[in-house]
> 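Take this structure first; my questions come after.
Note that the structure is a prediction, hence the values are computed from the model and not measured. Below, read A as the first sequence line, B as the second, and so on, with proteins coming before strands; counting in each chain starts at 1.
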Amino acid sequence: MNILDKLRERDYVEQTIYEDKLIEMLENENVPFYIGIDPTADSLHVGHFVTLMVASYMQKAGHKPIILMGGGTANIGDPSGKTDMRKMMSKEEINHNVDCIKAQVSKFISFEGENAAIIVNNADWLLDLKFVDFMREIGTQFTVSKMLSADCYKNRLETGLTFFEMGYMLMQSYDFLTLYNKYGCKLQIGGNDQWSNIIGGVNLIRKFGHDDSFAFTIKLLTNKEGRKMGKTEKGALWLDKEKTTPYEFYQYWRNIDDKDVRKVLSMLTFLPMEEVNKLTAVEGEELNKAKKIAAFEITKLVHGEEEAKKAEDAANALFSGSGSMENIPSVQADDNIGILDAIILAGFAPSKGQARTLIDQGGITINDEKVTEQNLILSSNNFEKDIILKKGKKSYCKIILK
RNA sequence: GGGCAGAUGGUCGAGUGGUUAAAGGCGGCAGACUGUAAAUCUGUUCUCAUUUGAGUACGAAGGUUCGAAUCCUUCUCUGCCCA
């Protein structure tokens, strides 16, 4: 089975271009390919996860990943955020982010060995561009009428399309061209929302007389309602364990909709498809098994086996009473802390007002007893040293009195 | 450059001088039901204090008024039309 079919089997692939030639090339040579990541934060989130999975499969199939950091494009900001143009990020900031991201990327792809991945930054070539030269060399290769026929611009036409947004396509295309020339990069892989920008690059290379530039896009990870997965009340689901704890991360996948289990098993784990099929062949309550495995496997990929086990252990302890209480999320608190402050400390509410609401609504329990008293003081005289604070049905936090 | 329209809470979107901390939808959270699922129903959803209370808030800054998201002035931004 060729790699593209393999990716298709796992439902990663959305669109391809020049597919026959692409398959032929992938079968016959080791192809340098690139994925782009904007270093706008010091951690990746679930949105990047799928792309990294694909990159990983590609590397295992013998192809060389090039990770393109959008240090140049991150400078000016994302055109889709209309209201606030992103602040200029300093070089230090970007470098810091690149370092953090690299550590996360290494969990999926290898920077060693024969087809070791490399990281490049498009700031290296974009920031020094001369406008007129760029327009003459690259700008002449694009026709506005063609660009406007792309869906992504068509929609924007009514709400206001800036020149910058159109220029974004040129820059991304130029990235591909540069990587082609510098590293022999022949394939770009990206999210399907990037389709227009991606084929811009493919065609640009072809206009300069080469016929071996290719691309395919990856399906966005969405839930059954078509909404992007990985959104939580606290914002994005980060891959950094400081930002999203492994326990929270595990719980997110443990709680997904029945209808999405198959998708995450296939797209976010390396489990063989036969196993995925077997796991998801059942219905109803039985699917919980598949969810547990999905949660474990996905957490293991991102945080390592040890953290995944801890998260699983904590879940068992809290939900089925079988694991040890050792690994459940916990915070230290001063003795004689008020219940409201404890709730905030545990991260269950951002303000006392909301903590009160939670108590009023009967959503808070301590050691399985419902809390009704807002002025309750947690002191070591009345309680054990460790107190299990619970919000709602599935948020737990161990309060450790100092 | 000229004309017109608009900017409201996490989001969408009502509201045109006073019971407006601002309808309704979505989203979030909690309760019931359940499988740590979905659907459904109920409650809740600015901050602080909590018996009544106070403070902020309707793009920004001023002003009119006993009283403004609502009226006036200037500014910023966005869209549409004409050039």
> Could you go over nucleotides 9-11 of chain B and give all protein N or O partners under 3.5 Å, atom names and distances?
none

> Does a side-chain N-to-carboxylate-O contact under 4.0 Å join A:E307 and A:K107?
no

> Please give, in whole Å, the distance from B:G35 P to A:D257 CG?
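Going from A:D257 (CG) to B:G35 (P), I get 16 Å.
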
> I want to confirm an ordering. Mapping A:L358 and A:F319 to their closest nucleotides on RNA chain B, which one lands closer to the 5' end?
A:L358

> Is RNA chain B part of any stem, that is, at least 3 consecutive Watson-Crick or G-U pairs with both distances under 3.5 Å, and where?
B:1-7 with B:76-82, B:10-12 with B:24-26, B:27-32 with B:40-45, B:46-48 with B:53-55, B:59-63 with B:71-75

> Sequence neighbours left out, what pairs pass ring pair (Phe, Tyr, Trp, His ring centres under 6.0 Å) with at least one residue falling in residues 371-402 of chain A?
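Residue pairs with at least one partner in residues 371-402 of chain A: A:F319-A:Y396.
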
> Give the rounded distance in Å between these two atoms: NZ of A:K292 and P of B:G35.
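Taking NZ of A:K292 and P of B:G35, I get 13 Å after rounding.
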
> Pick the P atom in B:G17 and in B:A68, then give their distance to the nearest Å.
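The answer is 14 Å between these two P atoms.
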
> Hey, is CD on A:E306 packed in by over 12 heavy atoms from elsewhere, all under 6.0 Å?
no

> Rounded to whole Å, how long is the line connecting atom NZ of A:K263 with atom C1' of B:A37?
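Answer to the nearest Å: 16 Å.
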
> With rounding to the closest Å, how many angstrom separate the C1' atoms on B:C33 and B:U42?
12 Å

> Side chains of A:N192 and A:Q15: does their closest heavy-atom pair fall under 4.5 Å?
yes

> Please report, rounded to the nearest Å, how far the P atom of B:G35 is from the NZ atom of A:K259.
17 Å

> Mind checking ring pair (Phe, Tyr, Trp, His ring centres under 6.0 Å) for A:F134 and listing every partner two or more places apart, or none if nothing turns up?
A:Y174

> Quantified in whole Å, what is the P atom distance between nucleotide B:G15 and nucleotide B:C71?
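The same atom, P, in both gives a distance of 13 Å.
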
> Can you tell me how far C1' of B:U34 sits from CG of A:N255, to the nearest Å?
13 Å

> Nearest heavy atom decides the nucleotide; on that basis, is A:I344 or A:L287 closer to the 5' end of RNA chain B?
A:L287

> Without decimals, in angstroms, what is the distance between A:I359 CD1 and B:G43 P?
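About 22 Å, once rounded to whole Å.
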
> Can you name the residues that form a ring pair (Phe, Tyr, Trp, His ring centres under 6.0 Å) with A:H303, not counting sequence neighbours?
A:F249

> When the P atoms of B:A69 and B:U64 are compared, how many Å lie between them, rounded to an integer?
16 Å

> Go through the N and O atoms of the side chain of A:D258 and the base of B:G35, and report whether any donor-acceptor pair is under 3.5 Å.
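Indeed, a donor on one side and an acceptor on the other fall under 3.5 Å apart.
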
> Rounded to the nearest 0.5 Å, what separates atom CE in A:M147 from atom CE in A:M169?
4.5 Å

> Using the P atom as the point on both nucleotides, what is the distance between B:A22 and B:A32, in whole Å?
29 Å

> Could you list the protein-to-nucleotides 44-47 of chain B atom pairs, N/O on both sides, closer than 3.5 Å?
{"from": "B:U44", "atom 1": "O4'", "to": "A:Q361", "atom 2": "OE1", "distance (Å)": "3.3"}
{"from": "B:U47", "atom 1": "OP1", "to": "A:S351", "atom 2": "OG", "distance (Å)": "3.3"}
{"from": "B:U47", "atom 1": "OP1", "to": "A:Q354", "atom 2": "NE2", "distance (Å)": "2.5"}

> Under the side chain to side chain contact (heavy atoms under 4.5 Å, CB included) rule, collect the residues that match up with A:E285, sequence neighbours excluded.
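For A:E285, the residues satisfying side chain to side chain contact (heavy atoms under 4.5 Å, CB included) (neighbours in sequence not counted) are A:N288.
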
> NA contact type, A:I256, heavy-atom cut-off 4.0 Å: base, sugar-phosphate, or nothing?
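The answer is sugar-phosphate, as A:I256 gets under 4.0 Å only of primed atoms, P, OP1 or OP2.
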
> Taking only residues two or more places apart in sequence or in another chain, which ones pass ring pair (Phe, Tyr, Trp, His ring centres under 6.0 Å) with A:F108?
A:F49

> Distance-only check: which donor-acceptor pairs under 3.5 Å involve side-chain atoms of residues 341-352 of chain A, not counting sequence neighbours?
{"from": "A:S351", "atom 1": "OG", "to": "A:Q354", "atom 2": "N", "distance (Å)": "3.4"}

> Among all residues two or more places apart in sequence or in another chain, which pass the side chain to side chain donor-acceptor pair (under 3.5 Å) test with A:D335?
A:S380

> Looking at A:D99 and A:K102, does any basic side-chain N land under 4.0 Å from a carboxylate oxygen?
no

> In whole Å, I'd like the distance from the CG atom of A:D260 to the P atom of B:U36.
18 Å

> Whole angstroms only, please: what is the CD-C1' distance between A:E283 and B:A38?
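Whole-Å distance recorded here is 13 Å.
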
> Within the pair A:K394 and B:A37, is there a side-chain N or O less than 4.0 Å away from OP1 or OP2?
yes

> Taking atom C1' in both B:G9 and B:G53, what distance in whole Å separates the two?
22 Å

> Checking side-chain contact (heavy atoms from CB on, under 4.5 Å) against A:Y34, which of A:V120, A:I67, A:D175 comes through?
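Among A:V120, A:I67, A:D175, the one that satisfies the side-chain contact (heavy atoms from CB on, under 4.5 Å) with A:Y34 is A:D175.
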
> Using the test ring pair (Phe, Tyr, Trp, His ring centres under 6.0 Å), find all partners of A:F270 that sit at least two apart in sequence or belong to another chain.
A:Y57

> Taking only the P atom of each, what is the distance from B:U52 to B:C72 in whole angstrom?
38 Å

> Expressed in whole Å, how much space separates the P atoms belonging to B:G13 and B:G18?
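Each nucleotide's P atom is 25 Å from the other's.
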
> In plain terms, say whether A:K219 and A:D11 are close enough for a salt bridge, that is, a side-chain N and a carboxylate O under 4.0 Å apart.
yes

> Should A:E274 and A:K278 count as an ion pair when the cut-off is N to O under 4.0 Å?
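No, this pair does not count.
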
> I'd like to know if A:E285 reaches the base of B:U34 with its side chain, counting only an N/O donor and acceptor under 3.5 Å.
no

> So which of residues 301-317 of chain A are in contact with RNA chain B, with a heavy-atom cut-off of under 4.0 Å?
A:A315

